[in-house]
Trainee: 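Let me give you the structure first, and then I'll get to my questions.
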Amino acid sequence: MHEIDAEGGCRCGAIRYRASGKVFGQATCHCRDCQYASGGAPAYVFVMNKNAVQITKGVPAHFDSLADSGNRRRRYFCGTCGTPIFAEDSGFPDIVSVKAGSLDDPSLYKPAAEFWLSSAPPWHPIDSSLPGFDKGPK
Ligand SMILES: [Zn+2]
């Protein structure tokens with residue numbers, strides 16, 4: 001486990017945040033919800049404590065959906081430019097997933113696992129050197 005101290009936000013600048021603290025995991029998610037959110041690609045996320053992430057500008061829009069687990073997934077995005085920024089899961093109430101692409105320096109992302117391979121289309125890039133799971137984290 002390591003720490004990051006990074007800033008990020010959306011494409012248009014309406015939403016800004018600081019993510020400062022421990023990273024519990026970095027993972028790639030191939031589920032259908034993430035594909036919809038990205039326009040096709042998997043999601044690349046930093047998993048952190050909610051209290052390690054502070055929104056410093058703006059109020060993101062959100063959309064709730066029911067996950068396969070039965071948990072409520074809440075996705076936060078910029079209501080103006082649509083950039084996906086965070087995701088939360090009611091089964092992990094202290095945790096937030098920060099979308100790597102919303103960081104000012106997305107090169108900080110180093111994936112450690114891949115989830116929902118069962119939903120990946122044949123053209124998704126999959127790193128076979130990483131632990132891979134057919135479904136989501138439990
Ligand atoms: Zn925006």
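Note: hydrogens, waters and symmetry copies are ignored here, and every other heavy atom, side chains too, is used. Every value quoted in this text rests on a predicted model; they were computed, and no experiment measured them. Each ligand, and each atom within it, is numbered from 1 in the order the structure gives. Along the sequence shown, residues carry numbers from 1.
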Trainee: Is the backbone N or O of A43 less than 3.5 Å from a side-chain atom of K99, with the two atoms forming a donor-acceptor pair by type?
Mentor: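 Side chain of K99 to backbone of A43, a donor-acceptor pair under 3.5 Å: no, none is there.
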Trainee: Sort by chain and number the protein N/O/S atoms found under 2.8 Å from the Zn ion (ligand 1).
Mentor: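 Correct list: C10 SG, C12 SG, C78 SG, C81 SG.
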Trainee: Can you confirm whether the side chains of T28 and Y109 place a donor and an acceptor under 3.5 Å from each other?
Mentor: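 Distance-only check passes for T28 and Y109.
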Trainee: Sub-3.5 Å donor-acceptor pair from the side chain of T56 to the main-chain atoms of R16, do we have one?
Mentor: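 Yes; at least one donor-acceptor contact below 3.5 Å.
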Trainee: For residues R75 and C34, report the shortest heavy-atom separation together with the two atoms involved.
Mentor: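 Reported closest heavy-atom pair: NH2-SG, 3.5 Å.
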Trainee: So, taking the atom named CD in E7 and the one named NZ in K57, what distance separates them when rounded to the nearest 0.5 Å?
Mentor: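 It comes to 12.0 Å.
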Trainee: Salt bridge between D64 and R74, side-chain N to carboxylate O under 4.0 Å?
Mentor: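 So D64 pairs with R74 through a salt bridge.
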